[in-house]
Asks: 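A single structure is presented below for examination.
Read the numbers this way: they start at 1 and go in the same order the structure lists the ligands and their atoms.
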Amino acid sequence: MHIIARRAAISLGSQLVSSLYTSRLSHNRAFSTMADRSSEQVVFNKPKVELHVHLDGAIRVQTIVDVAKRRGIRLPADNAEEMKKRIIVEEPGTLTSFLEKFNEYMHVIAGDREAIKRIAREFVEDKANEGVIYVEVRYSPHLLANSGVEPIPWNQEEGDLSPDEVVRLVNEGLSEGEREFKIKARSILCCMRHMPSWSMDVVELCKKYKDEGVVAIDLAGDESLNCEANPEHRRAYEEAVRCGIHRTVHAGEVGPASVVKEAVEVLKAERVGHGYNTLEDRDLYEKLLAQNMHFETCPISSKLTGACDADFTIHPVITFMKDQANYSLNTDDPLIFNSNLHHDYNTAHQHMGFTEEEFKRLNICSAQSSFLPAEEKEELVKTLSEAYEMIQSTAF
Ligand SMILES: O=c1[nH]cnc2c1ncn2[C@@H]1O[C@H](CO)[C@@H](O)[C@H]1O
């Protein structure tokens, strides 16, 4: 009964999505994520899976402006268009300079219960509008809290919103969005490379909320400054393994292949966030290909963070595609990249030679590599296969 209901929800989601779509994004839809890509073609107008996107990098600019007004927080710009100009990265830079962009707005959202729930709900709406039927969204509960976290982030005054309550609020917002927009959303909790003292807390939160939508642990942040995982991160990942918590790690985005090797061999990552520099170590790459390791790639992000060459025609994801590797296409931080998932797919199509068949294949790979329980994963794969007309749908 439960499974049928879930399945109905997913199929309804895909029907809804396809019925809403034309080959071009409507202005409203594009505006809802503040990415003015209204004239952009939609090359893959089919249900999709997204596995690597940061909640705090996927907030609507309008929401930041609204919340700042309500809370009486002064922003350097008081309208969305001006604020957007301050936040977005338009030219390739570095991962370090990109990460500084979070300083522009995180103090507005952090510590505010209504805002946190709102960004989670709106996130699901935006993903539904991009044709995503299953998404795993990640964030650091500590970076949205203002109590029970040391140091308190974003120069906030101490308040009473703990990382634990942040997770509950995000879960509520995501669940509301799921019910309203008929797609499935799960979350991944991030440890931060520069804050090893938070990592044991993060794994405890993953354990506590395992049955309420939290599916995995991640390690995010600037790997260029922290090439080797701190022992506290290692301990958190050991605990995750011990308790059956799924694991992904940002590695080989800007750091060398050795970070990927450590992620897989020491931290026991089941998926690699980005992973482009794996290609620098042929043996490692071949080993990971043989293991069917999943790479969560983010083309637009990789250009703007300077992780990869700005010339998309020589992008590492082309090698993944040619080798028929197991990888996904993702937005990473659509707010800061002024982007959306269609833009990543369009780029892959226009500059990297991606075909409709490859889009289908990589989405099936993504579903298979999701952190859903086996039964739900099977349902997701089946829903995609049917939508892609890869198997006959069987009537009950
Ligand atoms: O591309 C990325 N690489 C590494 N860290 C990132 C990236 N995008 C966002 N974050 C970091 O992850 C935190 C939790 O969501 C964000 O606050 C940001 O610091």
Asks: Please state whether the rings of F359 and F44 are parallel, tilted or perpendicular, taking 30° and 60° as the class boundaries.
Replies: tilted

Asks: Taking side chain to side chain contact (heavy atoms under 4.5 Å, CB included) as the criterion, tell me which of V166, I188, D218 meets it with Y139.
Replies: V166

Asks: Can you list the ligand 1 atoms lying under 4.0 Å from a non-hydrogen atom of L143?
Replies: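 Answer for ligand 1: 17 (O).
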
Asks: Closer than 4.0 angstrom: is that true for some heavy atom of D56 and an atom of ligand 1?
Replies: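 Per 4.0 Å heavy-atom rule, D56 contacts ligand 1.
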
Asks: Is D222 touching ligand 1 with its side chain, its backbone, both, or neither, if touching means heavy atoms under 4.0 Å apart?
Replies: neither

Asks: Counting each atom of ligand 1 from 1 as listed, which ones have a heavy atom of F102 under 4.0 Å away?
Replies: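 Close to F102: 9 (C), 16 (C), 17 (O), 18 (C).
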
Asks: With a 4.0 Å cut-off on heavy atoms, does S140 reach ligand 1?
Replies: yes

Asks: May I ask you to decide if the ring planes of H274 and Y276 are parallel, tilted or perpendicular, using 30° and 60° as cut-offs?
Replies: perpendicular

Asks: Kindly say whether V254 contributes a backbone atom to a donor-acceptor pair with the side chain of E223 at under 3.5 angstrom?
Replies: yes

Asks: Compute the minimum heavy-atom distance from M192 to ligand 1 and say whether it is under 4.0 Å.
Replies: yes

Asks: Any side-chain to backbone donor/acceptor pair from K101 onto I336? Under 3.5 Å, distance only.
Replies: no

Asks: Name the closest protein heavy atom to atom 8 (N) of ligand 1, giving the residue it belongs to and the distance to 0.1 Å.
Replies: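 Protein heavy atom with the smallest distance to atom 8 (N) of ligand 1: D333 OD2, 2.8 Å.
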
Asks: Under 4.0 Å from a heavy atom of F98: give me the atoms of ligand 1 that qualify, with their elements.
Replies: 7 (C), 8 (N)

Asks: Does an N or O from T305, backbone or side chain, lie closer than 3.5 Å to an N or O of ligand 1?
Replies: no

Asks: Is there a donor in the side chain of Y209 and an acceptor in the side chain of R168, or the other way round, less than 3.5 Å apart?
Replies: yes

Asks: To which protein heavy atom is atom 3 (N) of ligand 1 closest, and what is the distance rounded to 0.1 Å?
Replies: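 Of every protein heavy atom, E253 OE1, 2.8 Å lies nearest to atom 3 (N) of ligand 1.
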
Asks: Taking the minimum heavy-atom distance to atom 4 (C) of ligand 1, which of S302, G221, A220 ranks first?
Replies: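 The nearest heavy atom belongs to G221.
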
Asks: If we count only N and O atoms by modelled type, under 3.5 Å, do the side chains of D309 and H315 hold a donor and an acceptor together?
Replies: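 Judged by distance alone, the side chains do not pair up.
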
Asks: Side-chain contact, heavy-atom cut-off 4.5 Å: E376 with Y134?
Replies: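 Result no, sub-4.5 Å side-chain heavy-atom pair not found.
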
Asks: Mark up the atoms of ligand 1 that fall under 4.0 Å of a heavy atom belonging to H250, in ascending order.
Replies: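 Selected atoms, number and element: 2 (C), 3 (N), 4 (C).
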
Asks: List every atom of ligand 1 that sits less than 4.0 Å from any heavy atom of Y139, numbering the atoms from 1 in the order shown and giving each element.
Replies: 15 (O)

Asks: Distance only, no hydrogens: is a donor on one side chain within 3.5 Å (strictly under) of an acceptor on the other, for N330 and S328?
Replies: yes

Asks: For atom 14 (C) of ligand 1, which candidate among H54, H52, E100 provides the closest heavy atom?
Replies: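 Considering heavy atoms of H54, H52, E100, the nearest to atom 14 (C) of ligand 1 sits in H54.
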
Asks: Using a strict cut-off of 4.0 Å, indicate which atoms of ligand 1 neighbour a heavy atom of L99.
Replies: 5 (N), 6 (C), 10 (N), 11 (C), 18 (C), 19 (O)

Asks: Does any donor atom in the side chain of E150 or S197 lie under 3.5 Å from an acceptor atom in the other side chain?
Replies: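 No, no side-chain donor-acceptor contact under 3.5 Å.
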
Asks: Strictly under 4.0 Å, does any heavy atom of R193 approach an atom of ligand 1?
Replies: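 For ligand 1, residue contact (heavy atoms, under 4.0 Å) with R193 is absent.
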
Asks: Using 30° and 60° as the class limits, which term best fits the ring planes of F320 and F295: parallel, tilted or perpendicular?
Replies: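 The arrangement is parallel - the two ring planes meet at less than 30°.
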
Asks: Between L95 and ligand 1, find which residue part has any heavy-atom pair under 4.0 Å and reply side chain, backbone, both or neither.
Replies: side chain

Asks: Before signing off on this row, confirm whether D332 and ligand 1 have an N or O atom pair separated by under 3.5 Å.
Replies: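 Yes - when backbone and side-chain N and O of D332 are compared with those of ligand 1, one distance drops under 3.5 Å.
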
